[in-house]
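Data first, discussion second: the structure below is written as structure tokens.
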Amino acid sequence: MGAKIFIGGIAFMALLVAGYLYLDGLLFDGVKPREVSEKGFKGTLFAKNEIQNRPAIVLVGGGDWGDYWGQEFAKANYAGLSLPYYRMEGLPERMEEIPLEYFEKAISWLQEQPEVNRDKVVVMGASRNAELALLVASYYPELVDGVIAYSPSAVSWSNTVLPFNSDEIKPSWTFNNKPVPYIAMAKLRGGETDIIETLPYWRKALADSNTVRSAAIPVENINGPILLLSGRKDAVWPSAMMSDMIANRIGASSFGFPLENIQYDNAGHLLSVNPNNSSPMRHGRMMVDGKEYSFSFGGTEEGNRVAREDALRQVFNFLSAIASE
């Protein structure tokens, strides 16, 4: 009945990232990745052998995206942990009812590594994984010292926004075996044309202020600076609007750290991919009720290029500020 394939938020990237990341982003330049499968989590640690007591970045979602960023951070003398949490052997098949405790285990392990300054751990994610990064930082302020969120969400969503999850509405995330409050979503439906627009799907849900209030991520609990990066022409979901929602919530609290809400006028959803990729994807395809549709990630080619390059600088400036504290 619902969408057979609906790529929501970071799931868009998770299913398509192999097509737009260059192989040269995975070349190691002297940094040998270390596979980790212990303490109840799986990941890959990127760090130079000679570094010690440096800031570390947890790349929520892992995969090719996490490996690319882990490598880039390692080359800059940081430590990067590429952290998948589903669709790998030994991990859940579906992105639903994922316990936040999984990330607690990974971060606690990371803090014990000699390469890492335990008081300077940053979590980073894009789209739905930015939603998750903000949640982890909000629920574990004692472990996380900053957040980088590309194309983020201000609220938690149900499992049903993704095609491979159960048709039964469930929370995407849990904490202490209880659901993290979420907005319950019906599956996306197609239309008569071969093009599908996803923005109305999200905007309709965000128009219910009571539901939004109950599902809002408690970002005011985060114990460190926050960097939000979004495109005003995001055609996947309203990430700039949700960034403003995050900023407004922070502004109404006693949050004691810097918040940067950087928005790019002509950029779309895919801001966190390798900016050196000369042919980044601007459109994707999805199957809904047995029919294939085309959808747009948004932004212009030039607007996306400029945004990705500037966002890369913003990320490293953000990390440099944390490192110098």
Side-chain angles (χ1 to χ4, degrees), residues 7-17 21 41-44 46 55-70 72-73 78-88 91 95 98-100 102-104 106-107 110 121-141 143-157 161-162 172-173 180 182 217-219 221-222 224-231 234 236-237 239-240 242-243 245-246 259-262 269-274 297 308 311-312 314-315 318-319 322:
I7 309 173
I10 190 60
F12 290 121
M13 290 179 288
L15 295 176
L16 299 168
V17 66
L21 281 180
F41 77 95
K42 290 178 178 286
T44 306
F46 295 82
I57 303 91
V58 179
L59 288 317
V60 177
D64 291 341
W65 177 86
D67 292 348
Y68 161 73
W69 277 105
E72 292 301 300
F73 291 141
Y78 299 107
L81 179 65
S82 180
L83 185 62
Y85 56 92
Y86 73 106
R87 282 196 161 183
M88 283 185 62
L91 296 178
M95 189 177 170
I98 301 294
L100 296 186
Y102 175 84
F103 305 94
E104 177 191 23
I107 296 171
L110 185 62
V121 175
V122 174
V123 289
M124 172 172 154
S127 197
R128 288 221 69 204
N129 285 334
E131 170 191 333
L132 181 50
L134 289 163
L135 276 170
V136 170
S138 299
Y139 278 73
Y140 293 102
L143 296 180
V144 178
D145 308 287
V147 182
I148 301 169
Y150 276 93
S151 305
S153 174
V155 299
S156 296
W157 302 94
V161 298
L162 297 180
S172 293
W173 331 109
V180 170
Y182 61 91
I217 299 171
V219 289
N221 294 338
I222 294 173
I226 302 171
L227 175 61
L228 307 175
L229 300 157
S230 62
D234 190 337
V236 174
W237 69 359
S239 58
M242 290 193 288
S243 293
M245 291 167 63
I246 293 168
L259 167 72
E260 295 180 81
N261 180 14
I262 299 174
H269 191 71
L270 299 183
L271 298 182
S272 68
V273 299
N274 184 350
F297 292 114
R308 289 176 183 131
L312 181 67
Q314 298 293 344
V315 165
F318 180 84
L319 294 175
I322 288 177

Roughly how far apart are [X] [atom1] and [Y] [atom2], rounded to 0.5 Å?
X	Y	atom1	atom2	value
Asn129	Ser153	CG	OG	11.5 Å
Leu271	Ser151	CG	OG	4.5 Å
Leu228	Glu260	CG	CD	9.0 Å
Asn274	Leu312	CG	CG	8.5 Å

Looking at side-chain heavy atoms only, is the closest gap between [X] and [Y] below 4.5 Å?
X	Y	answer
Val147	Ile222	yes
Val123	Ile107	yes
Val180	Ser172	no
Ile57	Leu81	no
Tyr85	Leu132	yes
Leu270	Arg308	yes
Tyr139	Val136	no
Phe318	Met124	no

(Q) Donor-acceptor check, side chain of Trp157 to backbone of Arg128, threshold 3.5 angstrom: yes or no? (A)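 No; zero donor-acceptor contacts below 3.5 Å.
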Please confirm whether the backbone N or O of Pro152 pairs with a side-chain atom of Ser239, one donor and one acceptor, at under 3.5 Å?
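Absent.
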| said: Using the rule given for side-chain contact (heavy atoms from CB on, under 4.5 Å), can you reason through Tyr102 versus Leu91, listing the C-alpha separation, both sets of side-chain angles and the distance that settles it, and then say yes or no? | reply: CA-CA 10 Å; Tyr102 175 84; Leu91 296 178; 3.6 Å; yes
Stepwise side-chain contact (heavy atoms from CB on, under 4.5 Å) test for Val122 and Ile148:
CA-CA 7 Å; Val122 174; Ile148 301 169; 4.0 Å; yes
Matching residue for Phe103 among Val58, Ile98, Leu135 - test: side chain to side chain contact (heavy atoms under 4.5 Å, CB included):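 One option only clears the test, and that one is Ile98.
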Regarding [X] and [Y], do their side chains bring together a donor and an acceptor under 3.5 Å, going by distance alone?
X	Y	answer
Ser82	Asp67	yes
Trp65	Ser272	yes
His269	Ser127	yes

Item to check | Verdict with supporting geometry, Asn261 and Ile246, side-chain contact (heavy atoms from CB on, under 4.5 Å) | outcome: CA-CA 9 Å; Asn261 180 14; Ile246 293 168; over 6 Å; no
Minimum heavy-atom distance [X]-[Y], with the two atoms named:
X	Y	answer
Ser138	Pro218	OG-O, 3.2 Å
Ala106	Leu83	CB-CD2, 3.7 Å
Ala154	Met245	CB-CB, 3.8 Å
Ala240	Gly231	CB-O, 4.0 Å
Asp145	Ile322	O-CD1, 4.4 Å

Legend entry - Aromatic ring pairing Tyr78/Phe73, orientation class (parallel under 30°, perpendicular over 60°, tilted between):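 Aromatic pair Tyr78/Phe73 classed perpendicular.
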Aromatic ring pairing Tyr150/Trp69, orientation class (parallel under 30°, perpendicular over 60°, tilted between):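 Rings of Tyr150 and Trp69: tilted, 30 to 60°.
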Dump the intermediate steps for side-chain contact (heavy atoms from CB on, under 4.5 Å) on Ser156 and Ile217, then the final yes or no.
CA-CA 7 Å; Ser156 296; Ile217 299 171; 4.2 Å; yes
